[in-house]
Amino acid sequence: FPYTTLFRSLLTFKKLDSCIYYRKKKYNQNDSIIQYKKYNHLQDIEDLLKKGKDNIFCPYFFNIHKSKRCANLTIMTYNYMLNPIIRNKLKIVEKNSIVILDEAHNICSILENLDTKIININNLENIHDLLQIFLDFINENKQDIISEDDSSNKIFELNEIEINNEITIIKNFIKEIKEYNWDENKQLEKMKNSENTTYVFEIDYFIKIFQKFNIEIYYDILENYEKLTNDDKKELIEFGRIKIKDLDKLVNKIRKFYEFLYQLNSFNILQNESNINENTETKQKCKNKQITNEKINSFRFILKKTEKKMSFEIICIDASYGFKKYLSINPYSTILTSGTLSIDSLQNLLDEPFYEKLNNDNVLNNEQFKIDIIKGYINDDKINKFSFNYKNRNNIQQIKLLGNEIYNLANSVQIGGILVFFQSYEYLNKCHRKWLEYKIIQKFESIKDVIFDINSNKDFREELILKTKKNKNLLLFTVYRGKNSEGINFADDEARMVICIGVPYPNLSDPKVIFKRDFLDKKNKIKDSGFTGDIWYKEEAMNAANQSLGRLIRHKDDYGIMICFGIEFYYNIDKLSKWIRKNKNQLWLKDNNKMYYEELNKFLTNLRAKFPPKSQNLENINESIDDIREDDESDYDNEDSYYDY
């Protein structure tokens, strides 16, 4: 492709040609139905890519823009459903749809995170550098573009000027921000949290800081970057002397900044009804006083500042804000499902009436699992509580005792793997160092395949965990709220015991936690819901604990043992999941616990006799499915070989 192709895609935008695969084979709704019948099973990404190449059609267009018209069931990630930018762009969720949101205990944090936007000064410097590459590239090839197509002159010059202006705006902004003395500004509140100084803005003042930026430039770049071919990108990276992955990272920073400005722009629209666009739907939303108030009250606007870094943040502290935006698409019904959420708490956080509530027992028989809450230990008739609050995490005696007790538990579980969850990577690292010092890790390794979810590359760790767990003898040390607590499945003998170390309370010095508790306290005073910031704080912690404990049970014939270390679990028994709470047992460890460990081993041995291992494990089943699919592929070109959906 000549340089002019790249520049027209970046600068004239609207002239970019359509995808060649889309041009070669245009679809209608019947084509989509035929394709589904022809391939007779759900297509994953690899399937679609292969079929697209073989039949010369665009897999993305076919899957997103065409197949959805004839699909009765669409499965997607949360972001496609809840992020208004993605949802509006793809138009994948239609009015009167029935929506099922699984793992709904995550819904509030996801909604808040989607509406929380951050931009730091380093990102702006990177964006400045990328825009400069665009501008230099324009100047380098300006004459070629003019000579080939004079009609593009006006649009080309306009975009060149706008990019140059934005470069100047960013440069001046960074200079002003770095030189500004925020402590002298009386309009701002200030708080200190760990090494950060946090300044709290009023929304009007916050918008004023960023009003010089031109949001349209970033929108246009993002829209057209998606249309660039690999050859187009190659020309750009060769000129800028950057790597393709670095180019993608830089453009992603533009995307984040665009979303940041988009969020600010939405606040500005709501506060200035005279500037509302003539779009009827937008006018109706902005005139709704309740939504307007929620927008203003549901956010905090801060500047975080250290000696080395500075970032501006729009913090969403109210999930109901995003949920109201989702409900504006008018779904026929929304079903929220989860094995660990508190229905009443979720209703308070989403601030919407639930027309039906269903709280079932687990499918398990109560004899299939047990949960022991270990409150502490008795040594020489002296009672010592296990406590894992922040002040007590430097207790070396407790760390040493904890390691020895985990070894005893692991040694008692001769069937299957064990998952151990910690409150933070910081505490996990601290225990790891001390256990190395006391040679406790050597004891672990003598009986189990040990993995500490720390230090090494994230992708490598995940691959190692997935590989090791198949041996069904894994002892994994990890953290609450991580991928191992929800994203990775530990089936059957891959996990027969889960050990939870302390209740994972959110960080009290985190500005979002401070704002959230204050927000809920004020909301409770107005609505008298009884749902205070302190209740949320405790339930947020116990939801994470419940989710980790739930790793043990994956189906009706599963079984295992749950162990909770810490007096904090005793204080929060009422917040354990209802089905877990039924089997609770509280105890103090003693010097000679041999009988206790023998009971644990006997418990698992008896259950294994009742629920023997299946003759064909999941791995073999998956292999069989792959074999079947390979055999079926030879029939795809036969028009008669499809299921009649």
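In this chain, residues are counted from 1 in sequence order.
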Of the non-hydrogen atoms in [X] and [Y], which two are nearest, and what is the gap between them?
X	Y	value
Arg481	Ala541	NH2-CA, 3.8 Å
Thr116	Cys316	OG1-N, 3.1 Å
Gly416	Lys448	O-NZ, 2.7 Å
Pro511	Thr198	CG-OG1, 4.0 Å
Leu350	Ala319	CD2-CB, 4.1 Å
Ile501	Phe565	CD1-CD1, 3.8 Å

Could you tell me whether the side chain of [Y] reaches within less than 4.5 Å of the side chain of [X], counting heavy atoms only?
X	Y	answer
Phe569	Lys375	no
Ile399	Tyr427	yes
Tyr80	Asn83	no
Asn408	Glu405	yes
Leu401	Phe386	yes
Asn394	Lys430	yes
Leu101	Tyr78	yes
Phe490	Ile465	yes

Parallel, tilted or perpendicular, as decided by the 30° and 60° cut-offs, for the rings of [Y] and [X]:
X	Y	result
Phe201	Phe312	tilted
Trp579	Phe369	perpendicular
Phe257	Phe260	parallel
Phe421	Tyr480	parallel

Hydrogens and angles aside, do [X] and [Y] bring a side-chain donor and acceptor to less than 3.5 Å of each other?
X	Y	result
Thr532	Asp534	no
Ser509	Asn507	yes
Asp351	Ser320	no
Asn120	Lys304	no
Lys523	Asn348	no
Asp372	Tyr596	yes
Asn572	Tyr505	yes

Check for a donor-acceptor pair, side chain of [X] on one end and backbone N or O of [Y] on the other, with a separation under 3.5 Å.
X	Y	value
Asn473	Ile447	yes
Gln442	Lys439	no
Arg300	Ile315	no
Asn524	Leu520	no
Lys578	Lys575	no
Asn113	Ser109	yes
Gln423	Phe388	yes

Walk me through whether Lys443 and Asn404 qualify under side chain to side chain donor-acceptor pair (under 3.5 Å).
CA-CA 9 Å; Lys443 295 169 65 177; Asn404 285 324; 3.2 Å; yes
Roughly how far, to the nearest 0.5 Å, is the [atom2] atom of [Y] from the [atom1] atom of [X]?
X	Y	atom1	atom2	answer
Ile100	Leu73	CD1	CG	8.0 Å
Ile561	Leu600	CD1	CG	4.5 Å
Leu474	Lys467	CG	NZ	13.5 Å
Ser342	Ile535	OG	CD1	10.0 Å
Cys564	Ile373	SG	CD1	5.5 Å
Phe519	Asp521	CZ	CG	11.0 Å

State which residues pass ring-ring contact (aromatic ring centres under 6.0 Å, His included) with Phe323; sequence neighbours excluded, sorted by chain then number.
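Once residues adjacent in sequence are excluded, the partners of Phe323 under the ring-ring contact (aromatic ring centres under 6.0 Å, His included) criterion are Tyr326.
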Check step by step if side-chain contact (heavy atoms from CB on, under 4.5 Å) holds for Asp115 and Asp318.
CA-CA 9 Å; Asp115 283 315; Asp318 181 11; over 6 Å; no
Let me see the working for Leu336 and Phe354 under side-chain contact (heavy atoms from CB on, under 4.5 Å), right down to the final yes or no.
CA-CA 10 Å; Leu336 305 172; Phe354 287 6; 3.9 Å; yes
Proximity of Phe477 and Trp435 rings by center, below 6.0 Å
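Centroid distance Phe477-Trp435: below 6.0 Å, so yes.
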Ion pair present between [X] and [Y], side-chain N to carboxylate O less than 4.0 angstrom?
X	Y	value
Lys512	Glu112	yes
Glu259	Lys256	no
Asp518	Lys522	yes
Lys472	Asp492	no

Could you go through the side-chain contact (heavy atoms from CB on, under 4.5 Å) check for Tyr597 and Asn411 one step at a time?
CA-CA 8 Å; Tyr597 300 123; Asn411 197 34; over 6 Å; no
Pairing residues for Asn389 by the side-chain contact (heavy atoms from CB on, under 4.5 Å) criterion, not counting sequence neighbours
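Residues passing side-chain contact (heavy atoms from CB on, under 4.5 Å) with Asn389: Ser387, Lys391, Asn392, Glu568.
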Could I get the full list of salt bridge (Lys or Arg N to Asp or Glu O under 4.0 Å) partners for Asp558, not counting sequence neighbours?
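Asp558 satisfies salt bridge (Lys or Arg N to Asp or Glu O under 4.0 Å) with Arg496 once adjacent residues are dropped.
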Take a 6.0 Å sphere around OH of Tyr390 and say whether it holds more than 12 heavy atoms from other residues, nucleotides or ligands.
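Check fails, neighbour count at 12 or below.
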Evaluate the side-chain contact (heavy atoms from CB on, under 4.5 Å) criterion for residues Ser548 and Leu419: first the C-alpha distance (whole Å), next the side-chain angles of each, then the deciding distance (0.1 Å), finally the verdict.
CA-CA 9 Å; Ser548 295; Leu419 311 178; over 6 Å; no
